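Encoded as structure tokens, the structure appears first; notes follow it.
Everything quoted here is computed from the prediction, not taken from an experiment.
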Amino acid sequence: MVRGSAVMARLTPIFSILTHSHFRRQFLFFSNPYYYSYPLKQTFHPSTINTLAQTPNHNSSSNPTTDITIKLSTKARRKAAQESPQGILQRSLNNCSHTGDLLQALHLYDEARKSSVPLNLEHYNKLLYLCSVQKGHNDDTASVSHLGLQRGFEIFEQMLIDQVQPNEATFTNAARLAAAKEDPEMAFQLLKQMKCAGIAPKLRSYGPALYGFCKRGDAAKAYEVDADMIESGLMAEEPELSALLEVSIGSKNADKVYEILHRLRAVVRQVSQSTLEIIEGWFHSDYAKKIGKRNWDAEKIKEGILLGGGGWHGQGWLGSGKWKVVKTHVDEDGMCLSCGEKLVSIDIDPKETEMFAASLSKLACQKEVKANFNHFQKWLEKHGPFDAVVDGANVGLANTRDFSFTQLNYVVQQLRQMSPSKRLPLIILHVNRVTGGPAQNPKNKRLIENWKKNGVLYATPHGSNDDWYWLYAAVNCKSLLLTNDEMRDHLFQLLGSSFFPRWKEKHQVRVSTSIHGVSLVLPPRYSLVIQESANGSWHVPTVASDDPEIPRKWLCVTRSRKNSLHNLWTSTSTSGGS
């Protein structure tokens, strides 16, 4: 209670934001004609409000000492909470959130206040969210959006008056309201108030202020928000970096454009179509052709490339004159089909790999039965290292209805032939795959026994998730990983590291099945990442299809050179394709 009071005390300055003449607007209450014309769907009657926590009927003359205290079960308490006015209101607001029904949500809020139903944090956050996401595209929706904007600030102020302690979601929704009325300054002030209250912001908390300043073209304030975000230990992702890139181009800040391109290289790697168009716009601009060094220290550039692990130098724009911007492809050896430059494979710091393996082990022990995973780690120390690790279930089921040990064995033998040591790879399979179903086939039994005998099969125990085992083994052994799993689900999001996509790019082998049979798709011989060359040219990869047969599109950007190769893709796309 003391802590809550202290936090609320720190929030007091928010009232000055809300009540200052610059921010304050007249709110629409019951005088709004659109509000009155809306049908009422639910009313909180006094009988409903008083249903919760009613004591059992007792005779007024009964002896108080004979009263019985009733202790409700957890299930009964949960049911009572759900049937209370607060619980009914929460369910109703959740329904409004699912359907985007702001008008009904505002009606429920007003009815609850008239009936003296106390609102909690979840109620207020749901209301603020609905008020903040309304966007008007026609007269009716614009009117609803305007209503949500005005009522949203009223609800936020009432929440503080009621001394309901806000959280990150509260402030973020309030900041979205500020951005909706094109007031990024207020959105930024709310962000600062949140930090002053000891509430850690998330990346989404910065969006309203950042995008608001970028939309306005106020680069200086956008950079201020970006700096605050970095200070809070948050890493901008593609949407934020694209907005910063666009406002930097608009303000002709060449140094910032250069910086953000490198941040995209480090964080995003392959860019979306919308970001690609912004990058193209920069290199096509008249201002960009005026930027760049005519002469530079080649040794310093070489040193920068070596320190960065290859693929970039970070020494600024090189060259002079108009940029040649073409869309092209890169062949399997890393040769650009437009300019003829060979892209490089960027080194991964061994220390990063060790740190990643340690964090992966820690996370796996938290998510898996620790004794089971520790047993696997000891087994791996005894039987490893391996040149390759196979996600057995994924490979055995690749484009087949039933699990195929024949297909699994075929790719295992292919990996063996590729291995420098000519050793069989480690095969990870769940214990059910090793003991039941197709595993009972005599031929498959012999195959399994042979793998066990050679110490290359590990059967994960009941209740375990195979993913933790094969991923940890591949990272720990610094080996190839054979799986078609794109590794994008919740488990892999927990890793939360920019290192993981770089590691995956250099280590993942995929299985390709066609009418010609099964083949392996090896990692590219070059890094799929924005690359800056020693001669000042740039190559930007776009997000590709999961189908390895569809070639990735690249943006090749060079200073105009007479000897550039013919761009087949561009000439084809201008004829009607893309």
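- Counting heavy atoms from C-beta outward, E259 and R263 have side chains that approach closer than 4.5 Å.
- Residues meeting the salt bridge (charged side-chain N to carboxylate O under 4.0 Å, His left out) test with E505, sequence neighbours left out: R269.
- Applying the 6.0 Å contact sphere to NZ of K192 captures more than 12 heavy atoms from other residues, nucleotides or ligands.
- Applying the ring pair (Phe, Tyr, Trp, His ring centres under 6.0 Å) test to H262 and every residue at least two apart in sequence or in another chain returns Y258, W312, W538.
- The structure places CG of L191 at 8.0 Å from OG1 of T172, a figure rounded to the nearest 0.5 Å.
- Remark: D349 does not engage K351 in a salt bridge, criterion side-chain N to carboxylate O under 4.0 Å.
- Contact check for R216 versus E182: no side-chain heavy atoms found under the 4.5 Å cut-off.
- Seen from the ring of Y124, K126 does not count as a face-on cation partner, given the 6.0 Å and 45° thresholds.
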Derivation and outcome, salt bridge (charged side-chain N to carboxylate O under 4.0 Å, His left out), residues K322 and D286 = CA-CA 8 Å; K322 186 177 179 181; D286 290 334; over 6 Å; no
Test side-chain contact (heavy atoms from CB on, under 4.5 Å) on L482 and W470 and set out the steps.
-> CA-CA 9 Å; L482 178 58; W470 50 253; over 6 Å; no
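- The number of heavy atoms from other shown groups lying within 6.0 Å of CD (E238) is above 12.
- Residues K300 and Q315 have side chains in contact (heavy-atom distance under 4.5 Å, counting atoms from C-beta outward).
- Qualifying ring pair (Phe, Tyr, Trp, His ring centres under 6.0 Å) partners for Y469, counting only residues two or more places apart in sequence or in other chains: F373, F376.
- Between Q508 and L480 the shortest side-chain heavy-atom distance does not fall below 4.5 Å.
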Hey, mind stepping through L119 and L127 against side-chain contact (heavy atoms from CB on, under 4.5 Å) and telling me if it holds?
-> CA-CA 11 Å; L119 274 68; L127 286 160; 3.9 Å; yes
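- Judged by distance alone, the side chains of N167 and T170 do bring a donor and an acceptor atom under 3.5 Å apart.
- Proximity of Y109 to Q158: side-chain heavy atoms (C-beta onward) are separated by under 4.5 Å at one or more points.
- Residues that satisfy the ring pair (Phe, Tyr, Trp, His ring centres under 6.0 Å) test with H507, not counting sequence neighbours, are W503.
- At least one side-chain heavy atom of M487 sits less than 4.5 Å from a side-chain heavy atom of K504.
- Residues passing the side-chain contact (heavy atoms from CB on, under 4.5 Å) test with N465 are E368, D467, W468, L491, sequence neighbours excluded.
- Annotation: side chain of V164 is not in contact with side chain of N120 (no heavy-atom distance under 4.5 Å).
- No hydrogens or angles considered: a donor-acceptor pair under 3.5 Å links the side chains of S537 and E341.
- A salt bridge does not link E246 with K215: every distance from a Lys NZ or Arg NE/NH1/NH2 to an Asp or Glu carboxylate oxygen is 4.0 Å or more.
- Between atom OG of residue S320 and atom NZ of residue K290 there is a gap of 13.5 Å, rounded to the nearest 0.5 Å.
- Using a 3.5 Å distance cut-off with no hydrogens or angles, the side chains of Q531 and Y526 do not pair a donor with an acceptor.
- Other residues, nucleotides and ligands contribute over 12 non-hydrogen atoms within 6.0 Å of the CD atom of E277.
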Yes or no on side-chain contact (heavy atoms from CB on, under 4.5 Å) for R552 and L528, after CA distance, side-chain angles and deciding distance?
-> CA-CA 9 Å; R552 185 186 304 273; L528 302 175; 3.3 Å; yes
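- When side chains are defined from C-beta on, F213 counts as touching E185, because their heavy atoms get closer than 4.5 Å.
- With a 6.0 Å radius and a threshold of 12 heavy atoms from other residues, nucleotides or ligands, D333 has its CG atom above the threshold.
- Taking 4.0 Å as the cut-off between side-chain N and carboxylate O, E168 and R204 count as a salt-bridged pair.
- Geometrically, K256 engages Y223 in a cation-pi contact, judged by NZ or CZ lying under 6.0 Å from the ring centre and within 45° of the ring axis.
- To the nearest 0.5 Å, atoms CD1 (I161) and CD (E154) are separated by 9.0 Å.
- Screening residues 227-247 for ring-ring contact (aromatic ring centres under 6.0 Å, His included), with sequence neighbours left out, gives no hits.
- A side-chain donor from one of S232 and K195 sits under 3.5 Å from a side-chain acceptor of the other.
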